[in-house]
K.L.:
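My questions all concern the structure below.
First the proteins, then the strands, lettered A, B, ... as listed; each starts at 1. Worth knowing before you read on, the calculation uses all heavy atoms, side chains too, and leaves out hydrogens, waters and symmetry mates.
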There are 2 protein chains.
Amino acid sequence: MPFDGKAFIIGGMALHHHHERGGEDLLKAAKATLQKAGEQWTDMRAVIFDVLAEHSKPASAYDIADLVSRRRGKRVAPNSVYRILDLFVTTNLARRVESANAYVANSHPGCLHDCIFLICDECGIATHLDNDDLSASVREAAQVAGFVNLRPMIEVRGKCSNCD
Amino acid sequence: MPFDGKAFIIGGMALHHHHERGGEDLLKAAKATLQKAGEQWTDMRAVIFDVLAEHSKPASAYDIADLVSRRRGKRVAPNSVYRILDLFVTTNLARRVESANAYVANSHPGCLHDCIFLICDECGIATHLDNDDLSASVREAAQVAGFVNLRPMIEVRGKCSNCD
DNA sequence: CGAATAATGATATATTGTAACCTTCGCCGA
DNA sequence: TCGGCGAAGGTTACAATATATCATTATTCG
């Protein structure tokens with residue numbers, strides 16, 4: 001498993017750091033990840049990923065369709081966006097925020113986690129946490145119950161410190 | 001906080017038992033809970049709760065609208081159902097399963113938990129776990145991040161042992 | 001090049017969720 | 001008793017999210 005940071009333990013929690021990736025860098029990482037998965041990095045996909053990555057909060061497929069349409073000067077239908085978002089989710093380039101019917105770019109495409117989203121009811125911004133201990137516990141509980149092919153989703157709705 | 005079971009510790013996990021509530025019993029408990037919250041227990045609400053409780057898997061508002069319409073021999077519009085489901089959710093008579101856009105009756109209306117749903121991709125049945133340690137950890141993580149008014153949702157998609 | 005495959009476009013439709021306004025009915029005080 | 005108020009539900013319209021199908025264009029690869 002590739003791992004682009006340092007790992008250490010604080011207060012019983014396994015944590016690790018990610019490099020913060022911005023624009024160019026992130027695009028390249030996304031491209032590399034998609035291609036490694038045997039998929040093409042097309043113009044459409046690049047634009048959609050970029051729009052998603054620029055967006056400050058989870059974006060619905062329709063939001064993205066609008067933004068992409070504007071950027072390309074030509075209407076892009078939501079179903080095209082859905083197709084690509086689905087691909088992004090399965091290849092870990094993006095994640096779906098179930099409680100918001102929306103998507104966020106994964107800023108560390110190569111790095112695989114169950115993650116936790118904190119979504120502010122007020123401003124809509126989603127904060128992303130990784131806590132592998134916690135998600136391991138959730139997985140374990142599901143496994144004990146006899147489930148397989150687990151895909152956990154842990155989201156917390158609430159009010160962020162900015163809006164409080 | 002009312003608590004209708006016994007509490008004990010196994011393997012570091014705080015667990016407790018619920019009485020299993022079936023038909024009549026559950027209806028009465030739901031009615032009591034709603035009235036204690038200062039809300040009316042109407043025919044419509046009773047029927048919707050009953051339909052939801054009978055349903056073996058999470059039911060969409062539209063599913064419920066159909067079932068209720070059939071039972072009452074008269075069309076009930078989805079928006080009426082939504083209103084009542086929202087009320088049920090806020091009063092803890094039912095829960096929304098975000099990853100399925102659907103609702104389940106709470107079989108212990110008086111008892112308040114963050115809970116974990118395991119939803120089978122195959123058969124659609126949702127298994128309900130309570131694990132207060134786990135949900136406490138999730139709440140804590142969100143709190144540390146500065147969030148307030150927390151409403152955690154923990155769901156695991158996968159395949160249940162029956163369908164495996 | 002040319003066939004096969006992958007990606008996207010276009011269109012239609014299904015599903016899920018809200019908004020606005022109206023009617024009914026029970027309750028409560030004058 | 002009457003009148004009015006508020007809660008619940010009805011009706012209609014519409015918005016937002018998601019999928020299905022088939023046609024067209026682009027890429028890959030022999």
Side-chain angles (χ1 to χ4, degrees), chain A residues 30-31 34-35 37-49 51-52 55 57-69 71-91 93-104 119 121 124 157, chain B residues 30-31 34-35 37-49 51-52 55 57-69 71-91 93-104 119 121 124 157:
Chain A
K31 174 176 177 178
L34 202 53
Q35 288 179 334
E39 299 285 348
Q40 302 177 33
W41 183 252
T42 64
D43 280 6
M44 188 74 244
R45 289 171 187 188
V47 174
I48 288 183
F49 186 85
V51 163
L52 193 57
H55 208 266
K57 45 184 125 173
S60 78
Y62 281 76
D63 292 340
I64 295 169
D66 285 347
L67 291 166
V68 171
S69 296
R71 180 172 319 182
R72 312 242 302 190
K74 171 167 180 270
R75 171 183 154 82
V76 174
N79 82 358
S80 295
V81 176
Y82 273 109
R83 271 193 300 239
I84 291 175
L85 288 173
D86 288 348
L87 174 68
F88 285 177
V89 169
T90 64
T91 53
L93 263 62
R95 291 178 175 281
R96 179 173 166 83
V97 181
E98 290 294 340
S99 71
N101 298 328
Y103 299 81
V104 294
I119 304 108
D121 297 323
R157 307 292 317 207
Chain B
K31 173 176 178 178
L34 203 54
Q35 289 180 334
E39 300 286 347
Q40 302 176 36
W41 182 252
T42 64
D43 279 7
M44 187 74 246
R45 290 173 185 187
V47 173
I48 288 183
F49 186 85
V51 163
L52 192 58
H55 207 267
K57 47 184 120 174
S60 78
Y62 281 76
D63 291 341
I64 296 169
D66 285 348
L67 291 167
V68 171
S69 296
R71 178 170 322 179
R72 311 241 303 190
K74 171 165 180 272
R75 171 182 154 82
V76 174
N79 94 3
S80 294
V81 174
Y82 274 109
R83 272 193 298 238
I84 291 174
L85 288 173
D86 288 349
L87 174 67
F88 285 177
V89 168
T90 63
T91 53
L93 263 62
R95 291 179 176 279
R96 178 172 167 84
V97 181
E98 289 294 339
S99 71
N101 298 329
Y103 299 81
V104 294
I119 304 106
D121 296 323
R157 306 292 314 207

K.L.:
Going from OG1 on B:T90 to CG on B:L85, what distance comes out if it is rounded to the nearest 0.5 angstrom?
P.N.:
11.0 Å
K.L.:
Could you pull out all donor-acceptor pairs under 3.5 Å where a side-chain atom in residues 95-104 of chain B meets a protein atom, sequence neighbours excluded?
P.N.:
| from | atom 1 | to | atom 2 | distance (Å) |
| --- | --- | --- | --- | --- |
| B:R95 | NH2 | B:N92 | OD1 | 3.4 |
| B:R95 | NH2 | B:H113 | O | 2.4 |
| B:R96 | NE | B:E98 | OE1 | 3.3 |
| B:R96 | NE | B:E98 | OE2 | 3.2 |
| B:R96 | NH1 | B:Y103 | OH | 3.1 |
| B:R96 | NH2 | B:N101 | OD1 | 3.2 |
| B:S99 | OG | B:E155 | OE1 | 2.7 |
| B:S99 | OG | B:R157 | NH1 | 3.2 |

K.L.:
Going by side-chain hydrogen bond (donor to acceptor under 3.5 Å, both in side chains), name the residues that satisfy it together with B:R75, two or more places apart in sequence or in a different chain.
P.N.:
none
K.L.:
Does a nitrogen or oxygen in the side chain of B:Y62 sit under 4.0 Å from OP1 or OP2 of C:dT16?
P.N.:
no
K.L.:
Taking only residues two or more places apart in sequence, or in another chain, which ones meet B:R45 in a salt bridge (charged side-chain N to carboxylate O under 4.0 Å, His left out)?
P.N.:
B:E39
K.L.:
With sequence neighbours excluded, tell me which residues meet salt bridge (charged side-chain N to carboxylate O under 4.0 Å, His left out) with A:R72.
P.N.:
none
K.L.:
From OH of B:Y82 over to P of C:dA20, roughly how many Å is that when rounded to an integer?
P.N.:
18 Å
K.L.:
Check whether any side-chain heavy atom of B:F49 sits under 4.5 Å from a side-chain heavy atom of B:I84, and report yes or no.
P.N.:
no
K.L.:
Using side chain to side chain contact (heavy atoms under 4.5 Å, CB included) as the criterion, list what pairs up with B:S80, not counting sequence neighbours.
P.N.:
B:V76, B:R83
K.L.:
Taking N or O atoms only and anything under 3.5 Å, show me the protein contacts with nucleotides 6-9 of chain C, one pair per line.
P.N.:
| from | atom 1 | to | atom 2 | distance (Å) |
| --- | --- | --- | --- | --- |
| C:dA6 | O3' | A:Q40 | NE2 | 3.3 |
| C:dA7 | OP1 | A:E39 | OE1 | 3.3 |
| C:dA7 | OP1 | A:R45 | NH1 | 3.2 |
| C:dA7 | OP1 | A:R45 | NH2 | 3.3 |
| C:dA7 | O5' | A:R45 | NH2 | 3.4 |
| C:dT8 | OP1 | A:T42 | OG1 | 2.4 |
| C:dT8 | OP2 | A:R45 | NE | 3.2 |
| C:dT8 | OP2 | A:R45 | NH2 | 3.4 |
| C:dG9 | OP2 | A:S80 | OG | 3.3 |
| C:dG9 | N7 | A:R83 | NH2 | 2.9 |
| C:dG9 | O6 | A:R83 | NH1 | 3.3 |

K.L.:
Using a heavy-atom cut-off of 4.0 Å to chain B, what are the terminal contacting nucleotides of DNA chain D, in 5' to 3' order?
P.N.:
D:dA7 to D:dT12
K.L.:
Tell me which donor-acceptor pairs under 3.5 Å the side chains of residues 57-68 of chain B have, and how far apart each pair is, sequence neighbours excluded?
P.N.:
| from | atom 1 | to | atom 2 | distance (Å) |
| --- | --- | --- | --- | --- |
| B:K57 | NZ | B:C123 | O | 3.0 |
| B:S60 | OG | B:Y62 | N | 3.3 |
| B:S60 | OG | B:D63 | N | 3.0 |
| B:S60 | OG | B:D63 | OD1 | 3.4 |
| B:S60 | OG | B:D63 | OD2 | 3.3 |
| B:D63 | OD2 | B:S60 | N | 3.1 |

